[in-house]
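Please read the structure below before turning to the comments.
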Amino acid sequence: MSESSTAPPVGRPAADAAPEPPAPRPAQPPAPPAGQPEPAERPRMFPPGVGPAADPTEGTAPDRAIRSFQPRRSRVTDSQRQALLRLWSRWGLEIDGRTRLDLTALFDGRPVVLEIGFGMGEASAEMAAADPDTGLLAADVHTPGQGNLLRLAERAGLTNVRVANGDAILLLREMLPERSLAGLRIFFPDPWPKKRHHKRRLIQPAFVALAASRLAPGATLHCATDWVPYADWMLEVLSGSELLANTAADGGFVPRPAGRPLTRFERQGLAKGHEVRDLVFRRLP
């Protein structure tokens with residue numbers, strides 16, 4: 001998941017001239033010139049309340065200057081669309097930053113694992129099927145993947161899967177209580193390999209502090225990546241948390257746990273010769 005950065009300004013002020021202060025950003029878009037029609041609203045893929053919203057936080061002021069993702073509205077197949085239309089009202093939820101989730105009610109008393117970024121959902125559905133007594137809260141912004149995971153869950157008869165649409169950091173910060181999660185999974189997040197984009201990486205000290213606060217004592221935070229420099233970055237950041245302990249005896253990486261299936265993205269990376277690294281940290285009391 002990615003987000004394009006803003007283009008730098010063209011040109012420089014003269015050396016002996018003070019730069020002009022930036023113009024204040026208007027609270028609302030300016031009105032069109034007289035005689036021109038109002039701009040059309042952004043088209044919706046689904047009617048309000050029926051499928052995932054294009055922007056779950058619409059109408060509220062965004063407070064994250066840097067994001068590690070960009071919503072991808074790529075082609076949705078008919079089966080994915082039908083699954084969203086059929087199941088979103090029952091198994092989907094919007095990350096709006098305003099609703100405090102009652103995980104006990106949402107998952108019928110099951111312990112809950114949060115998965116951030118699930119691609120097309122095949123591995124997520126497989127893990128949910130292997131552990132029906134644990135609830136899976138799967139967060140992503142990729143509409144085809146959301147529809148596909150719901151379709152797979154329905155086909156397998158799963159009742160322990162819920163799909164969250166939007167920014168996972170907002171979900172953790174505003175919608176989940178402290179010590180409420182039995183686990184957190186982050187598999188193959190965008191590595192943002194260029195140095196100037198490292199600030200966009202999801203695994204940062206502030207994020208890890210937030211995530212660890214939402215884990216119950218003994219819960220695990222499991223990350224995986226096929227970008228070795230990012231794996232080293234993850235290891236350094238996670239090891240710096242006072243709330244987490246590395247489960248690897250040597251303080252490094254762990255073999256791929258048997259419960260983590262190979263993802264489609266992982267298979268593609270392995271075919272290209274990439275090396276996959278898993279990290280599992282446990283929440284301290």
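In this chain, residues are counted from 1 in sequence order.
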Could you list all the ring pair (Phe, Tyr, Trp, His ring centres under 6.0 Å) pairs where at least one residue sits in residues 242-268, not counting sequence neighbours?
Phe188-Phe265

Go through it in stages, so that I can follow the logic: the residues are Val163 and Leu87, the test is side chain to side chain contact (heavy atoms under 4.5 Å, CB included), and I'd like the CA-CA distance, side-chain angles, deciding distance and then a yes or no.
CA-CA 10 Å; Val163 176; Leu87 301 169; over 6 Å; no

List, by chain and then residue number, the residues other than Val254 in its hydrophobic cluster (Ile/Leu/Val/Met/Phe/Trp/Tyr, side-chain heavy atoms under 4.5 Å); write none if there are no others.
Val280

Would you say CD of Gln82 has more than 12 non-hydrogen atoms from neighbouring residues, nucleotides or ligands within 6.0 angstrom?
yes

Using the rule given for side chain to side chain contact (heavy atoms under 4.5 Å, CB included), can you reason through Leu152 versus Glu122, listing the C-alpha separation, both sets of side-chain angles and the distance that settles it, and then say yes or no?
CA-CA 7 Å; Leu152 293 172; Glu122 296 98 335; 4.2 Å; yes

Can you tell me how far CD of Glu94 sits from CE of Met175, rounded to the nearest 0.5 angstrom?
9.0 Å

Any side-chain heavy-atom pair of Leu243 and Val208 under 4.5 Å
no

Taking atom CH2 of Trp88 and atom CZ of Arg90, what is their separation to the nearest 0.5 Å?
13.5 Å

Ala211 and Leu221 have their tightest heavy-atom pair at CB-CD1, 4.3 Å

Would you say Arg256 has more than 12 foreign heavy atoms packed within less than 6.0 Å of its CZ?
yes

Heavy-atom closest pair, residues Gly252 and Asn246
O-ND2, 3.0 Å

Sorted by chain and residue number, the ring-ring contact (aromatic ring centres under 6.0 Å, His included) partners of His198 (sequence neighbours excluded) come out as Trp233

Going by heavy atoms in the side chains, are Thr77 and Asn148 under 4.5 Å from each other?
no

What are the two closest non-hydrogen atoms of Gly166 and Pro56, and how far apart are they?
CA-CG, 4.1 Å

Go through the structure and list residues passing side-chain contact (heavy atoms from CB on, under 4.5 Å) with Leu106, not counting sequence neighbours.
Leu93, Leu103, Arg162

How is the hydrophobic cluster of Val113 composed, in terms of its other members, when Ile, Leu, Val, Met, Phe, Trp and Tyr link through side-chain heavy atoms under 4.5 Å apart, directly or indirectly?
none

If hydrophobic clusters are built by linking Ile, Leu, Val, Met, Phe, Trp and Tyr wherever their side-chain heavy atoms come under 4.5 Å apart, do Leu284 and Leu181 end up in the same one?
no

Just verifying a value: how many Å separate Met120 CE and Arg151 CZ, rounded to the nearest 0.5 Å?
8.0 Å

Separation of Leu137 CG from Ile116 CD1 (nearest 0.5 Å):
9.5 Å

Closest heavy-atom pair, Arg86 versus Glu154, reported as atoms and distance to 0.1 Å, is NH2-OE1, 2.6 Å

Measure the spacing between CD of Gln80 and CG of Leu150 and express it to the nearest 0.5 Å.
10.5 Å

One pair to check against side chain to side chain contact (heavy atoms under 4.5 Å, CB included): Leu262 and Leu270. What are the steps and the verdict?
CA-CA 10 Å; Leu262 286 173; Leu270 291 172; 4.2 Å; yes

Across all chains, not counting sequence neighbours, the side-chain hydrogen bond (donor to acceptor under 3.5 Å, both in side chains) partners of Arg110 are Thr159

Would you indicate whether the side-chain heavy atoms of Leu171 and Leu176 approach each other to under 4.5 Å?
yes

Please examine the side chains of Leu149 and Asp140, heavy atoms only from C-beta on, and report whether any two atoms are closer than 4.5 Å.
no

Could you tell me if the side chain of Pro193 sits less than 4.5 Å from the side chain of Trp227, heavy atoms only?
yes

Contacts of Ala128 meeting side-chain contact (heavy atoms from CB on, under 4.5 Å) (sequence neighbours excluded), chain-then-number -> Leu136, Leu158, Asn160, Val161

Nearest heavy atoms of Leu84 and Pro52, plus distance in Å:
CD2-CD, 3.7 Å

Partners of Lys272 by side-chain contact (heavy atoms from CB on, under 4.5 Å), sequence neighbours excluded?
His274

How would you list, by chain and number, every residue that makes a side-chain hydrogen bond (donor to acceptor under 3.5 Å, both in side chains) with Ser239, sequence neighbours excluded?
none

For Pro261, side-chain contact (heavy atoms from CB on, under 4.5 Å) partners two or more places apart:
Ala123, Glu126, Met127

Return each pair, listed once, that meets side-chain hydrogen bond (donor to acceptor under 3.5 Å, both in side chains) where at least one residue sits in residues 275-285; pairs must be two or more places apart or across chains.
His222-Asp278, Arg260-Asp278, Glu275-Arg277

Is any side-chain heavy atom of Pro189 closer than 4.5 Å to one of Met234?
yes

Can you name the residues that form a side-chain hydrogen bond (donor to acceptor under 3.5 Å, both in side chains) with Asp131, not counting sequence neighbours?
Thr134

Find the distance between CD (Glu178) and CG (Leu210) and round it off to the nearest 0.5 Å.
9.5 Å

For Ala139 and Leu114, the nearest pair of non-hydrogen atoms, with its separation, is CB-CD1, 4.2 Å

Flag the pair Phe207 / Leu172 as yes when at least one side-chain heavy-atom distance between them is below 4.5 Å, and no otherwise.
yes

